[in-house]
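One structure is given below, encoded as structure tokens.
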Number of protein chains: 2
Amino acid sequence: MTPATAAERSDAARNRERLLAAAREIIQEGGAQALTMDRLAERAGVGKGTVFRRFGSRAGLLLTLLDDSEAAFQERFLFGPPPLGPGAPGLERLVAFGAARIAYVVEFGDLVLAAENASRSSRFEVPAAALWHRHIEVLLREEGFTSDPWLMAGSLGAALDPGRLLNLVRVHGITADRLAASWQDLVTRVVKGA
Amino acid sequence: MTPATAAERSDAARNRERLLAAAREIIQEGGAQALTMDRLAERAGVGKGTVFRRFGSRAGLLLTLLDDSEAAFQERFLFGPPPLGPGAPGLERLVAFGAARIAYVVEFGDLVLAAENASRSSRFEVPAAALWHRHIEVLLREEGFTSDPWLMAGSLGAALDPGRLLNLVRVHGITADRLAASWQDLVTRVVKGA
DNA sequence: AGGCTAAACGGACCACGGTCCGTTTCTATT
DNA sequence: AATAGAAACGGACCGTGGTCCGTTTAGCCT
């Protein structure tokens with residue numbers, strides 16, 4: 001029962017585990033900024049080429065590290081209980097989505113930020129981003145928003161940009177509650193507006 | 001009549017001119033991406049240390065290169081004729097501001113983008129950004145927006161993020177007109193909304 | 001078991017942004 | 001004009017992300 005996609009060689013699997021474990025160690029000790037590709041290779045006892053073969057780039061590595069929490073987050077707003085998941089009206093889900101996203105960014109801030117600005121120009125290819133975008137768009141449509149919902153979804157999503165949110169929280173000391181309130185105000189006005 | 005701030009030494013001034021000229025040449029020939037600090041130093045016939053002494057960093061250099069057009073842009077929305085400048089109602093000025101910003105980003109896209117992601121994490125310290133932020137905030141207040149106008153100004157500003165706009169224009173082929181229309185829709189709803 | 005091939009490996013190498021510090025050059029002062 | 005000291009200069013040097021390619025190894029096939 002070999003899967004359609006060629007199976008992973010055992011040494012490759014072992015090294016992937018080693019690398020992820022080492023990466024988590026390094027981050028725990030010194031933050032995301034301490035995670036350099038050279039150090040990681042050394043710590044995991046593999047060659048540098050292997051690190052890049054596995055993850056493609058530093059951005060790819062960070063994305064992989066975030067993968068679990070990302071998936072959990074997606075699970076919640078796609079299939080979880082309302083108001084975040086399906087079952088509540090679109091506007092309520094939008095409001096909940098913003099609040100959840102803000103909480104998420106605050107929790108995993110370091111990593112998210114590092115992943116964002118590690119990707120060589122444009123965080124717009126991150127697959128997860130496309131999903132949020134689409135999610136917002138769908139909710140807008142559900143609320144009867146008809147004038148270019150795709151672009152509007154992007155504009156709203158930009159308000160939840162991790163770099164921005166973290167800057168507000170860390171540098172300006174804005175609380176998550178205040179951010180969530182402003183987000184609620186924003187989406188409410190957009191949905192009910194003019 | 002020596003100015004309060006120590007005058008610039010003549011060799012320094014000469015080198016600054018040489019560097020800016022060389023930088024513009026390089027960009028004209030190969031785009032912003034071709035502008036490396038080593039190449040610039042070589043082309044201008046100065047040492048690498050001199051480049052960094054003058055501009056501090058690559059981001060600083062790019063900002064300097066943008067300085068003229070930046071200043072002109074600011075001039076227009078601060079003191080120019082309505083609807084962009086003072087004299088028109090706040091909402092109209094907001095709409096015009098978005099359109100002008102979109103046009104600006106499309107025109108100087110390369111440079112703006114390069115400057116943005118050259119700055120070591122967080123384009124939020126660019127002084128010009130603070131000015132737009134404040135401008136939007138003032139216009140919101142003028143329109144009677146009272147619930148956390150500062151944060152709302154930031155959220156709206158995020159919709160005009162150069163990286164985002166350029167991605168939409170270049171990768172997705174969205175026209176400037178469509179972007180401007182969506183911006184108008186957004187700010188109208190926010191100002192008039194619920 | 002032995003061998004074959006594709007996959008995985010490793011580390012030297014590159015380009016780039018940025019720092020450092022010994023050397024040179026400008027300019028104000030006498 | 002000579003001089004002193006601050007400012008500017010230059011380029012070797014470093015850490016980093018990323019590439020390349022010759023070498024090793026897993027795992028299937030006979």
Side-chain angles (χ1 to χ4, degrees), chain A residues 1-3 5-20 22-23 26-27 30-65 113-123, chain B residues 1-20 22-23 26-27 30-65 113-122:
Chain A
M1 56 171 283
T2 359
T5 54
E8 188 177 38
R9 242 171 67 170
S10 63
D11 52 346
R14 177 178 33 100
N15 278 337
R16 201 190 53 232
E17 291 315 308
R18 271 198 205 167
L19 282 166
L20 288 177
I26 293 174
I27 288 174
Q33 154 242 346
L35 181 68
T36 71
M37 302 305 258
D38 286 312
R39 207 198 306 271
L40 174 59
E42 193 197 352
R43 181 75 152 258
V46 305
K48 192 180 183 179
T50 301
V51 182
F52 279 89
R53 155 168 284 265
R54 279 273 85 77
F55 303 107
S57 68
R58 197 175 116 98
L61 169 62
L62 291 165
L63 250 11
T64 304
L65 254 2
L113 193 53
E116 176 164 293
N117 82 1
S119 58
R120 216 72 200 135
S121 177
S122 104
R123 44 204 172 288
Chain B
M1 54 168 282
T2 357
T5 54
E8 185 177 39
R9 243 170 68 171
S10 62
D11 51 347
R14 193 199 31 184
N15 279 338
R16 202 190 53 234
E17 290 316 306
R18 272 198 205 166
L19 282 166
L20 288 177
I26 293 173
I27 288 173
Q33 154 244 349
L35 182 68
T36 71
M37 301 307 256
D38 286 311
R39 206 197 310 265
L40 173 59
E42 194 197 351
R43 175 78 81 109
V46 305
K48 192 178 181 179
T50 301
V51 182
F52 280 90
R53 155 168 284 266
R54 280 272 86 77
F55 304 107
S57 68
R58 195 176 117 100
L61 168 62
L62 290 166
L63 250 11
T64 304
L65 254 2
L113 193 53
E116 176 164 293
N117 81 3
S119 58
R120 211 91 206 114
S121 179
S122 104

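Computed from heavy atoms alone, side chains included, the values below leave out hydrogens, waters and symmetry copies. All chains are named by letter (A, B, ...) in the order of the sequence lines, taking the proteins before the strands, and each is independently numbered beginning at 1.
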A/Arg53 vs C/dA8: side-chain N/O to OP1/OP2 distance below 4.0 Å:
yes

Any B/Asn15 side-chain N or O less than 4.0 Å from OP1/OP2 of D/dA8:
no

If you look at every strand shown and take non-hydrogen atoms under 4.0 Å, does B/Thr50 touch a base, only sugar-phosphate, or nothing?
base

Between [X] ([atom1]) and [N] ([atom2]), how many Å, whole number?
| X | N | atom1 | atom2 | result |
| --- | --- | --- | --- | --- |
| B/Leu19 | D/dA8 | CG | P | 13 Å |
| A/Gln33 | D/dG15 | CD | P | 15 Å |
| B/Phe52 | D/dG10 | CZ | C1' | 13 Å |
| B/Arg16 | D/dA8 | CZ | P | 11 Å |
| B/Leu35 | C/dC16 | CG | C1' | 12 Å |
| B/Arg14 | C/dC26 | CZ | P | 7 Å |
| B/Lys48 | D/dC13 | NZ | C1' | 9 Å |
| B/Arg39 | D/dG10 | CZ | P | 19 Å |

So which one's nearest nucleotide on DNA chain D is more toward 5', B/Arg9 or B/Gly49?
B/Arg9

Checking contacts here: which listed nucleotide (C/dC26, C/dA7, D/dA8) is nearest the side-chain heavy atoms of B/Ser10?
C/dC26

First of B/Gly56 and B/Asp11 reached from the 5' end of DNA chain C, by closest nucleotide
B/Gly56

Enter the distance from A/Leu35:CG to A/Ile27:CD1 here, rounded to the nearest 0.5 Å.
5.0 Å

